[in-house]
Amino acid sequence: MLRLRFFQLHLSIIAVLALTACSSPLPSTELPPARYIQSAPEFPDFHDYRGIVDLPIKTSGMDQTAIADLAKTSQIDFIFLADRVQPGDTDFGIAGFTDDILFISGGAFDVGGSRIIGANLHEPIKPNLTPNDLIEAIHDQGGLAIAADPAKFESSEDYALADAMEVYSQRSAWLAQSPTTLYLRAIFSGTDHFLTGLDVRPDANLALYDRMTTGARVAMLAGTGAPDNLNVLGAKVGTLPQLFLFCTTHLIARERDTAPILEALRLGHSYTSFDYLGYVGAFAFFAHVGDAIAMMGDEIHLAPGLTLKTELPAPADRIAIYQDGAEVTSADNTSTFEFAPKSPGAYRIEAYRSGKLWIMSNPIYVR
């Protein structure tokens, strides 16, 4: 009898935990009352646009208009489409504005164990091209080539000519965990805690990225990928409404249109924020010496008085500055941080909250 009561109590606790977990389907990202596009700190002619990269929609059950409605609710400014491309495909999504959301047409090509995403595609691309020829064909259309999940490529030569690297992939973070782990975490935790399990520093991809930036300027970004829509006791986790509030790629551009957004990505005027840890409307990482100033993605010459500075929208538990992939300095419990570099290199920052990656910048190249 005692054992039966214990078992019933145990089931009751599980039920309560499950209901608690399912009662808050969206992360607690504190969006402003309405979308307000901020000027980039220190660069008043530029604006900070937040968006989603690497979004396949053909299998989502939603059309582009429905995706645009969701984006408006989530205060997203742009979306890079990335459905898997089959030979002869001509449908890369509808380029331009849909319901005030800027869509960049594109598609994903399977290459050497991973994918090359072609952004701004309009014409079919011949099948069975070598990776370098594929990237050249993307460039011939005025597009950009994004190497997704570089650690999965069979050879670094397969993405050597890419314009950008998707170093963080929500989809890959999801697939790296066992279904049982995901299911149990969904049952016993709320949405925010569930998402912390996907907020994993992409060590292998960052190492490859940092190695590449020692000899070339390459943009870094985060990708969303397909939603999983895991059904847990009648509720779903891993949905697009949740993922749109989880992680965003920011592009610093003069205006929100296809050409300036693509130019911002090509130049690496970009950073990533995990907004479930705190909404990021604007962020700055820049270098200045005398009258010269450079933003993320730009080059600046090493000179006496050169200073790197970062400005966050709120304090981080920890800010770390990396030079060519090696941490050179850090600060705790602050929203601003300055550092005087002593040698050339690619410098970038990572900001953390609760031990999880919150903001990840593109590098400034000190020459």
Side-chain angles (χ1 to χ4, degrees), residues 38-48 164-165 167-168 201-203 205-222 249-253 264 266-274 277-278 280-353 355-367:
Q38 298 185 39
S39 296
E42 308 298 330
F43 299 91
D45 293 334
F46 290 81
H47 298 88
D48 190 320
M165 292 173 66
V167 297
Y168 174 81
R201 186 181 189 272
D203 294 339
N205 287 339
L206 282 173
L208 292 171
Y209 175 78
D210 289 326
R211 187 182 308 165
M212 196 167 184
T213 56
T214 60
R217 291 168 62 183
V218 183
M220 173 173 64
L221 50 83
T249 290
H250 296 245
L251 292 172
I252 312 301
R266 186 183 67 81
L267 294 174
H269 294 170
S270 176
Y271 67 94
T272 293
S273 64
F274 290 84
L277 292 172
V280 180
F283 158 82
F285 178 51
F286 60 97
H288 64 92
V289 57
D291 294 331
I293 186 170
M295 72 166 69
M296 294 171 287
D298 290 345
E299 293 183 341
I300 195 165
H301 290 291
L302 183 66
L306 177 64
T307 301
L308 304 177
K309 185 174 182 179
T310 185
E311 298 175 356
L312 281 64
D317 295 341
R318 184 171 183 269
I319 301 174
I321 294 183
Y322 289 80
Q323 176 188 9
D324 298 333
E327 184 178 326
V328 291
T329 187
S330 66
D332 295 335
N333 303 314
T334 185
S335 60
T336 61
F337 189 32
E338 293 189 10
F339 174 71
K342 304 301 182 185
S343 58
Y347 292 84
R348 59 180 184 82
I349 77 111
E350 295 178 13
Y352 289 83
R353 279 184 162 180
K356 291 293 183 178
L357 193 56
W358 179 32
I359 299 173
M360 183 167 54
S361 81
N362 263 258
I364 294 171
Y365 300 89
V366 178
R367 304 304 192 194

| note | Residues P41 and A284: closest non-hydrogen pair is CB-CB, 3.7 Å
| For the atom pair NE2 (H250) and NE2 (H47), what is the distance rounded to the nearest 0.5 Å? | 15.5 Å
| message | Classify the ring geometry of F339 against Y347: parallel below 30°, tilted from 30° to 60°, perpendicular beyond 60°. | response | tilted
| query | If you measure from CG on N205 to CG on D210, what distance do you get to the nearest 0.5 Å? | reply | 11.0 Å
| Q323 side-chain N/O to P344 backbone N/O, donor-acceptor pair under 3.5 Å | yes
| note | R353 and G278 have their tightest heavy-atom pair at NH1-CA, 3.7 Å
| message | Is the shortest side-chain heavy-atom distance between T213 and R348 below 4.5 Å? | response | no
| task | Using atom types as modelled and distance alone, determine if a side-chain donor or acceptor of Y209 lies under 3.5 Å from a backbone N or O of V218. | result | yes
| note | One should read off an interatomic distance between S343 OG and D324 CG, to the nearest 0.5 angstrom, of 8.0 Å
| task | Given side chain to side chain contact (heavy atoms under 4.5 Å, CB included), test L206 with R201 step by step and report yes or no. | result | CA-CA 8 Å; L206 282 173; R201 186 181 189 272; 3.5 Å; yes
| task | Decide yes or no for L277 and Y352: does some side-chain heavy atom of the first lie under 4.5 Å from some side-chain heavy atom of the second? | result | no
| request: Look at the side chain of T307 and the backbone N and O of G305, then say whether any donor-acceptor pair between them is shorter than 3.5 Å. | output: yes
| request: Check whether any side-chain heavy atom of Y271 sits under 4.5 Å from a side-chain heavy atom of D48, and report yes or no. | output: yes
| query | How long is the span from the CG atom in L208 to the CG atom in D203, to the nearest 0.5 Å? | reply | 11.0 Å
| field | F337 vs I321 side-chain heavy atoms within contact, under 4.5 Å | value | yes
| Do K309 and E42 come close enough that some side-chain heavy atom pair is under 4.5 Å? | no
| query | About how many Å separate CG of L267 and CE of M296, when rounded to the nearest 0.5 Å? | reply | 12.0 Å
| Quick one: are M295 and F46 in side-chain contact, heavy atoms under 4.5 Å? | yes
| Pairwise side-chain contact, T336 with L312, heavy-atom cut-off 4.5 Å (strictly under) | no
| With sequence neighbours excluded, residues passing side-chain contact (heavy atoms from CB on, under 4.5 Å) with A292 | V289, I300
| request: Quick one: list whatever passes ring pair (Phe, Tyr, Trp, His ring centres under 6.0 Å) with Y168, sequence neighbours left out. | output: F274
| query | So, does N362 use its side chain to make a donor-acceptor pair with the main chain of M220 at under 3.5 Å? | reply | yes
| task | Output all residues satisfying ring pair (Phe, Tyr, Trp, His ring centres under 6.0 Å) with F286, sequence neighbours left out; order by chain, then residue number. | result | H288
| said: Please check this pair: side chain of R318 against backbone of E350, looking for a donor-acceptor N/O pair closer than 3.5 Å. | reply: no
| task | For the pair R217 (side chain) and G297 (backbone), establish whether a donor and an acceptor sit closer than 3.5 Å, ignoring hydrogens and angles. | result | yes
| message | Donor-acceptor check, side chain of S270 to backbone of L251, threshold 3.5 angstrom: yes or no? | response | no
| message | On a heavy-atom basis, which atom in F285 and which in S361 lie closest, and how many Å separate them? | response | CD2-OG, 3.6 Å
| Does some side-chain heavy atom of I349 sit less than 4.5 Å from a side-chain heavy atom of Y322? | no
| Criterion side chain to side chain contact (heavy atoms under 4.5 Å, CB included) on I293 and F43, from CA distance to verdict | CA-CA 9 Å; I293 186 170; F43 299 91; 3.7 Å; yes
| request: Considering non-hydrogen atoms only, spot the tightest contact between P313 and A282 and give its length. | output: CD-O, 3.6 Å
| field | Rounded distance (nearest 0.5 Å) linking atom CD1 of I364 with atom CD of E299 | value | 11.5 Å
